[in-house]
Amino acid sequence: MATLDSLVAEILEVEERYNLNKINISGIPAWPILKYRLRGHYLISKGVTDITLAKNNKTKRSIRSVKYWFISLFQLLSLLFSKKNVKYCFVGFTRLENVNNKRIDKFFDPIIKCCELEENDYLYFNNEISHPADRSDEHPIVYTDIIRTFSLLCGVIISPFVYLLNKKEFQKLNNVTTDYFTKDKKAKLYSILKICSFTVQRVMYRRIFKNTKPGVIIGVSRITFLPQALAAKSLGIKVVEMQHGITLGRTPQYSGEYNPKIDPDVFCAFGNSCPLDVFGIDPLKIVNVGWALKSYLKTSLNVEEFDPNYVLFISDPEISDYILSTVLKLASMHPDVNFHIRRHPQERYGQKQITLIDDVQNVKDVTSTECSQIAIMRYKYIVGENSSVVFEAISAGKMVARLNCEGMTAMGYNPSVKDGFYYINEIGDFEEFINQREATGAETVAYSDFNTIIFKSVITIKATDGTITIKE
C-alpha cells in the first residue's frame with residue numbers, strides 16, 4: 001500500500017498541474033478552504049483513514065445549547081456595534097481536554113495564564129460546537145454559535161448568485177474534484193456552500209476586527225481558524241499559527257503552496273524536533289516558543305502511577321488496525337504484561353474491534369477526554385508510531401518506543417542517530433524494550449519550556465515589521 005507521504009505527493013502534483021491555488025472566488029482563495037476535505041476523500045479512496053472526514057458524535061440539542069446560542073447573539077451584537085480595543089485575538093482549539101476535572105483549551109489557556117494577560121487586552125473565541133458544563137472559567141469566552149449558524153443560512157441564500165458570478169471557477173473545481181478526488185456529487189454542493197459560508201464569515205469577522213482593532217490573530221492548526229485568518233489578512237492584521245502536533249513529513253494538513261491571503265504570517269513551534277520544511281510556510285517565519293502546557297501542569301498535577309508491567313500504546317486513525325493487531329500479538333506473547341490502548345480523539349472502534357479487546361484479559365482500551373500529557377504520566381513504558389503523544393512522553397522522561405514494523409513506519413528513523421527513542425523493528429524487540437530500566441534522555445527536544453518573552457515578541461511585532469527570525 002502507498003505511504004501517506006507518497007499519496008500527499010500525488011495530491012500536490014495535481015494541485016500544481018491545474019493551478020488550484022490560483023483560483024479565487026469573490027475575492028476568496030478557494031483551494032485553501034476546500035483542500036482539507038477533498039484531500040481526505042482522495043486518501044480514503046486509497047485506503048488511508050483521514051481525520052478531516054471524521055464525524056463527530058452528535059450532541060443532543062438542549063436548553064443549554066439554546067442558552068449559548070443567545071449568549072453568542074448578544075456577544076456578537078456587542079462586538080459589532082460597540083468599540084472595544086484589544087491587543088490580541090485568540091481563536092480557541094476545536095477540542096477541549098480534561099485537566100483536574102476541568103475542560104481546558106490546552107493550547108491557549110496555559111498561554112493566557114503564563115503570559116498573565118489582562119482580560120481587557122484580548123478576545124478568546126470559542127471554537128467548540130458543544131459547551132461542556134465543566135469548562136474552565138479562568139478567562140472570558142466569546143461564543144461563535146451564532147456566527148456559524150448565520151453564515152450557513154446566508155450562505156445558502158446567496159449560493160445561486162455566487163455560483164452564477166463565478167461559474168467558470170466552480171466548474172474547474174468540480175471537474176478536477178470529480179477526476180481526481182471524489183465522484184461523490186455532494187462534494188460539488190459542499191464546495192459551493194463552503195465558499196459562500198466563508199464569504200459571509202469574512203464580512204462578519206472583518207466588522208468585528210475593525211471594531212476591536214486587534215494587532216494579531218492567533219490560532220491552532222490553520223484548518224480550524226480559516227475564516228478569522230481570511231478576514232484578518234484582508235485588513236492587514238498579523239496572523240500567527242501555533243503548532244498542533246508533531247509533523248515529520250508531508251501531510252494533508254500542512255503540505256502545499258503557501259497562500260498569503262489566508263495562511264499565517266508566523267508559525268510558532270513548541271520544540272525543535274520537526275523539520276522546518278513540513279509546515280507549508282517559509283522556515284524563516286518559524287519560531288520556537290515552547291510548550292506552555294508543560295509549565296501549566298507543573299503547578300496543578302498530582303497523578304498516581306501504575307506498576308511498570310502496564311504499557312500504554314498510542315493509536316492513530318491511520319494505523320488503528322495495525323496497532324490493535326500488534327497489541328493482541330504481544331498480549332499473547334506476554335500474558336504478564338497489561339496492555340492499554342489510547343485512541344486518537346477522532347479515532348473510533350467498531351464492534352469487531354471492541355469484541356477483540358474484550359476477549360483478551362490483559363488488553364484494555366483506556367481512551368478518555370483526559371489530557372494526554374496527564375494520561376502518560378501514569379506509565380513508565382509508552383509505545384507508538386509517529387503520534388505527538390510519544391514525543392510528549394519522551395519530553396516527560398518516559399521510556400518510549402516507536403513502532404517500525406507490523407505495517408507501521410517510524411518517520412525520521414535513523415539507526416545511526418541516538419534520539420532518545422527505542423525502536424521496535426520487529427515484534428520480538430518489545431521484550432528488550434520493557435527490560436530497559438532507564439530512559440535515554442532528550443527531554444526538551446520535542447517540547448521546549450515555554451518562553452513568554454519570545455512569544456510576546458511574536459504577538460506584538462506587527463506583520464509589516466518584517467520576518468521574525470528569533471530562534472531558541
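The pair Lys22-Glu257 meets the salt-bridge criterion, with a side-chain N (NZ, NE, NH1 or NH2) lying under 4.0 Å from an Asp/Glu carboxylate O. Using a cutoff of 4.0 Å between basic side-chain nitrogens and carboxylate oxygens, Arg135 and Asp109 are scored as salt-bridged. Salt-bridge annotation for Asp265 and Lys285: absent, with no side-chain N of the basic residue lying under 4.0 Å from a carboxylate O of the acidic one. A salt bridge links Glu241 to Arg222: one of the charged nitrogens lies within less than 4.0 Å of a carboxylate oxygen.
For Arg39 and Phe181, the positive end is not near the middle of the six-membered ring at less than 6.0 Å and at most 45° from its axis.
A donor-acceptor pair shorter than 3.5 Å cannot be found between the side chains of Arg342 and Ser315. For the residue pair Glu10 and Tyr42, a side-chain donor N or O sits within less than 3.5 Å of a side-chain acceptor on the partner. Looking only at atom types and distance, the side chain of Asn272 has a donor-acceptor partner in the side chain of Asn288 under 3.5 Å away. For the residue pair Glu16 / Asn21, no side-chain donor-acceptor distance below 3.5 Å is found, with atom types taken as modelled. For the 3.5 Å distance criterion, the side chains of Thr224 and Ser221 fail to qualify, holding no donor opposite an acceptor. No hydrogens or angles considered: nothing links the side chains of His41 and Asp184 as a donor-acceptor pair under 3.5 Å. Neither side chain, Ser372 nor Glu97, offers a donor N or O lying under 3.5 Å from an acceptor on the other. Of the N and O atoms on the side chains of Gln373 and Trp291, at least one donor lies less than 3.5 Å from an acceptor on the other residue.
Heavy-atom minimum distance, Ile286 versus Ala269: CG2-CB, 4.2 Å. The shortest heavy-atom contact between Thr144 and Asn126 is OG1-O, 2.9 Å. For Ser395 against Tyr447, the heavy-atom pair with the smallest separation is OG-N, 3.3 Å.
Separation of the Phe313 and His340 ring centroids does not fall under the 6.0 Å cut-off. Ring to ring, Tyr143 and Phe70 are not that close: their centroids are 6.0 angstrom or more apart. Centroid-to-centroid, the aromatic rings of Phe225 and Tyr205 stay 6.0 Å apart or farther. Proximity of the aromatic rings of Tyr124 and Phe90 is defined here by a centroid distance below 6.0 angstrom, and this criterion is not met.
With a 4.5 Å cut-off on side-chain heavy atoms, Lys35 and Gln253 do not count as touching.
Classification of the Tyr254-Phe267 ring pair by plane angle, with boundaries at 30° and 60°, yields perpendicular. A tilted orientation is assigned to the rings of Phe450 and Phe455, their planes being inclined by 30° to 60°.
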